[in-house]
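Here's the structure, in structure tokens; my notes come after.
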4 protein chains.
Amino acid sequence: MGQSKSAADNGNRESERRRTILRAAIDVFARKGYHGCRIADVAKEAGVAYGLVYHYFKNKDELLETVFDTGWSGFVTRVRAVVEGEGALAQKVRGVVDVAFEAYRVDPRAVKVLILEIARSPAGSRINRQTAFVDAIRLSSELFTRAKEAGELRSDTDPLLSSALLFGAIEMGLTAFVTGLADARDTQALERAKAQIAETFLHGVLADASPGAESPAWKPEKSSEKSATKSKVPKRT
Amino acid sequence: MGQSKSAADNGNRESERRRTILRAAIDVFARKGYHGCRIADVAKEAGVAYGLVYHYFKNKDELLETVFDTGWSGFVTRVRAVVEGEGALAQKVRGVVDVAFEAYRVDPRAVKVLILEIARSPAGSRINRQTAFVDAIRLSSELFTRAKEAGELRSDTDPLLSSALLFGAIEMGLTAFVTGLADARDTQALERAKAQIAETFLHGVLADASPGAESPAWKPEKSSEKSATKSKVPKRT
Amino acid sequence: MGQSKSAADNGNRESERRRTILRAAIDVFARKGYHGCRIADVAKEAGVAYGLVYHYFKNKDELLETVFDTGWSGFVTRVRAVVEGEGALAQKVRGVVDVAFEAYRVDPRAVKVLILEIARSPAGSRINRQTAFVDAIRLSSELFTRAKEAGELRSDTDPLLSSALLFGAIEMGLTAFVTGLADARDTQALERAKAQIAETFLHGVLADASPGAESPAWKPEKSSEKSATKSKVPKRT
Amino acid sequence: MGQSKSAADNGNRESERRRTILRAAIDVFARKGYHGCRIADVAKEAGVAYGLVYHYFKNKDELLETVFDTGWSGFVTRVRAVVEGEGALAQKVRGVVDVAFEAYRVDPRAVKVLILEIARSPAGSRINRQTAFVDAIRLSSELFTRAKEAGELRSDTDPLLSSALLFGAIEMGLTAFVTGLADARDTQALERAKAQIAETFLHGVLADASPGAESPAWKPEKSSEKSATKSKVPKRT
DNA sequence: AATGAATGAGCCTTCATTCAT
DNA sequence: AATGAATGAAGGCTCATTCAT
């Protein structure tokens, strides 16, 4: 029993160490970027000897990959839940934006890494835009494929591109906060940004022409998105 | 005349070399990324001796910065021309998208560098997202500020964020081609992507509910962009 | 005990390596001079890997500085012991000369470095004549200041300059051996040089005019320096 | 005639250029030291294109060698004139010291180079202590050889070493000024240093014990150098 | 003679990775 | 498991020298 306890301890201690190092890696990546980050930095941040990093990770690349995988797996999982869950398209789009911003709220540094360090890994690495955002993009594209088949989308939209545009907007929106272009401490601003991203994606930036229809769907007090869409559309052509 | 030619030759030859090296740097950056790009590679690609790179550029960072500045200055200049030119908002948005895609058509590798290598430069460098995309984003944000004042935009949109979203969509749209997610050799696809980006940004992805209105303006079979814009814009407001 | 031995081993092994590298640096410096000495040479001479030099020394300059500091600190310490010790002025002057020649006897290469490489370090470096010989010169100048106050020196001598002259004579005397102008393997010659330097400094090169006075003060078998000085001095002027 | 004049002009212009470059080299060497001095620096200082240095000098080493040769040849010539001229030993010793200090007064930077840059040249170079000071030392050693044969020197002095000591004292004395240890703008100090060097070398630093004898020979108010030397020497014992 | 662009060997330094303890 | 000394390949930068004009 003492043994098993010790073993458990060891086991815990091991994964604890592993997590400590991973956490340190995220922080250092966020601060210095992948290439500016040396293994020694990660070890120092984690408070461990620097050979130890190689006990838990084969090499720097695997460390980075783990950082990405860990970060993305959570994100992709949540995106999948939204995409495969119940609700109308608009609802799901808002859900995806929510997931991204929530991730940012919970761990801005991790998101900074995921956003800014995408495609920064060395040439040989498997980590790049393809394996990162693209997972989420492909996943969401199914959403748009189905929506299009259901006639919810304009007929000329390419689902994959739609998905790319959504994530492009999300990324650049978050980037505005990540890089300090916008103030991340302003919760109101974050909420407004979320809404604007989703609604712009859904309805565009243009104001409605008809009176009474100018209120976008996300203004809860005035109208549902659907009616807004309805009222606007007839006037086009 | 022989004289002036010789003088011109000298003048040209110098800047020719410089341009050759710059060109080579763009190509190597596009191929290997900032960190994977060695001065030796650039020199070899340019067909010049190693040391010559240092004749024209103080160091690797300055070379990089020049690549970025050159690339961006052209892009920003063109964006400014569109933004400050004549035309309705929608027209200008399409114009901005056009500029980006045209740049891609003319020199895909340069665009690849500008898109993928943003924010990859070392910590000490002045090259980063801030000084790159942000210039264009800030510039365009004026467009949205004015449009909002004119009532052309939904009242709840933040101009800076709108601008960021537009460029986010453009970036991710181009990224789809840059990374091979979409086929860059397909001119039709490029045209469709352009249209979809602009129109999604302007009108959202949602289909019009009313019959007869489902065709978005960018459907080529119905109308040219210009006429579509023309016919559409007057009716709004 | 095995433990303590192991601990001692570890402690020693580290500084042993450091000392090995320092030793190698001295040798290579002595052989090739500061600028001709490459880190690769030092590593090879020490029988360690290239990178290890940087494990123990921040850079080439620090390695150099350490070589100088180590060398000088020993020398300056010994000079100080002589200067601050007991004895008459003449005794101390001979002692200083002794220290220099003894250092040469023990480690001619180190002395060669200290003598020939002084002031060779790069502009930015802190190593130069000022911080090297000047320490010893300043230190000894106190000796002459006190001696002058005690009336042991001619009234018109500047203590600092006197000190400089002594070390100038010592340096050039050693240089004669270092450069091969004189034969360093000839112990007798070394002894004679020592004596000549000290006595020339103390009494000048000029022979005594009166017969029977041809024996210089430093001939131990005939008279003590003190009595020699005494007996000689009254007759002057 | 126009031709010959032109040729003369060219000839003059050429050697003028050569001298300009040499002068610039001396200045830059004095300022930055041999290794810290790049050909480009010399060219810039001289105000010429940098390939031109290679028209007049085969390579950097030859340039340095020329600097040394030029500097030393003047010095050695003057030392020779003193050594081979008329006068008593003491007179000649004072003359040698005079030559060195006069050289310093006329062109301190050149002397700085000659003093501080000795032995700094690369391993392969012929320029080093051997070919520099040693010429003067060997030359002067003949003086001491003859003086010793004439019984003017203590019997135990080695002529070569005596010569070395004299130049060592001169060098370190000048070094005090060159390095700023002493104030080179103080003409009085320079004169006193000259006197102290010569007299210390001739008579040593020790004060005479007898009253009224404390004034060294070089005190101008009591006696001329010559008479002092004369009157002093015979009275020694 | 004069210019300065072009060349490329050389060297310092960094840092991912391995290894002995 | 943990440590940190040891390794060495890689690459940025300098600068003496050459060469075309």
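Computed from a predicted structure; not experimentally measured. Below, chains carry the letters A, B, ... as their sequence lines are ordered, and counting in each starts from 1.
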Watson-Crick or G-U wobble partner of F:dA1, both distances under 3.5 Å: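 Check on F:dA1: unpaired, no WC or wobble geometry under 3.5 Å.
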
E:dA6 pairs with, by Watson-Crick or G-U criteria that keep both distances under 3.5 Å: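 Looking at the geometry, E:dA6 pairs with F:dT17.
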
Where protein sits on nucleotides 7-13 of chain E, one letter per nucleotide: B base, S sugar-phosphate only, - none, heavy atoms under 4.0 Å: BB--SBB

Can you tell me how far [atom2] of [N] sits from [atom1] of [X], to the nearest Å?
X	N	atom1	atom2	result
B:L63	F:dG11	CG	P	16 Å
D:E16	E:dA1	CD	P	14 Å
D:R18	E:dA1	CZ	P	12 Å
B:E62	F:dG12	CD	C1'	15 Å
B:F57	E:dA5	CZ	P	14 Å

Which distance, rounded to the nearest 0.5 Å, do you find between the OG1 of B:T70 and the CG of B:L22?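 It comes to 4.5 Å.
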
About how many Å separate CZ of B:F68 and CG of B:L63, when rounded to the nearest 0.5 Å?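 So the gap between those two atoms works out to 10.5 Å.
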
Can C:E45 and C:R31 be said to form a side-chain contact (heavy atoms from CB on, under 4.5 Å), step by step? CA-CA 11 Å; C:E45 176 80 24; C:R31 213 161 44 241; 2.9 Å; yes

Does any N or O in the side chain of C:R18 come within less than 3.5 Å of the main-chain N or O of C:Y56, such that one atom is a donor and the other an acceptor?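 Looks like yes, one N/O pair under 3.5 Å.
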
Could you tell me which residues satisfy side chain to side chain donor-acceptor pair (under 3.5 Å) with A:D107, sequence neighbours excluded, listed by chain and number?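 Side chain to side chain donor-acceptor pair (under 3.5 Å) list for A:D107, sorted by chain: A:R23.
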
Donor-acceptor pairs under 3.5 Å, side chain of residues 37-44 of chain C to any protein atom, not counting sequence neighbours: which ones?
residue: C:R38; atom: NE; partner: C:D41; partner atom: OD2; Å: 3.1
residue: C:R38; atom: NH2; partner: C:D41; partner atom: OD1; Å: 3.4
residue: C:R38; atom: NH2; partner: C:D41; partner atom: OD2; Å: 3.1
residue: C:D41; atom: OD2; partner: C:K32; partner atom: NZ; Å: 3.4
residue: C:D41; atom: OD2; partner: C:R38; partner atom: N; Å: 3.3

OP1 or OP2 of E:dA6 sitting under 4.0 Å from any side-chain N/O of B:Y56?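 Yes, within the criterion.
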
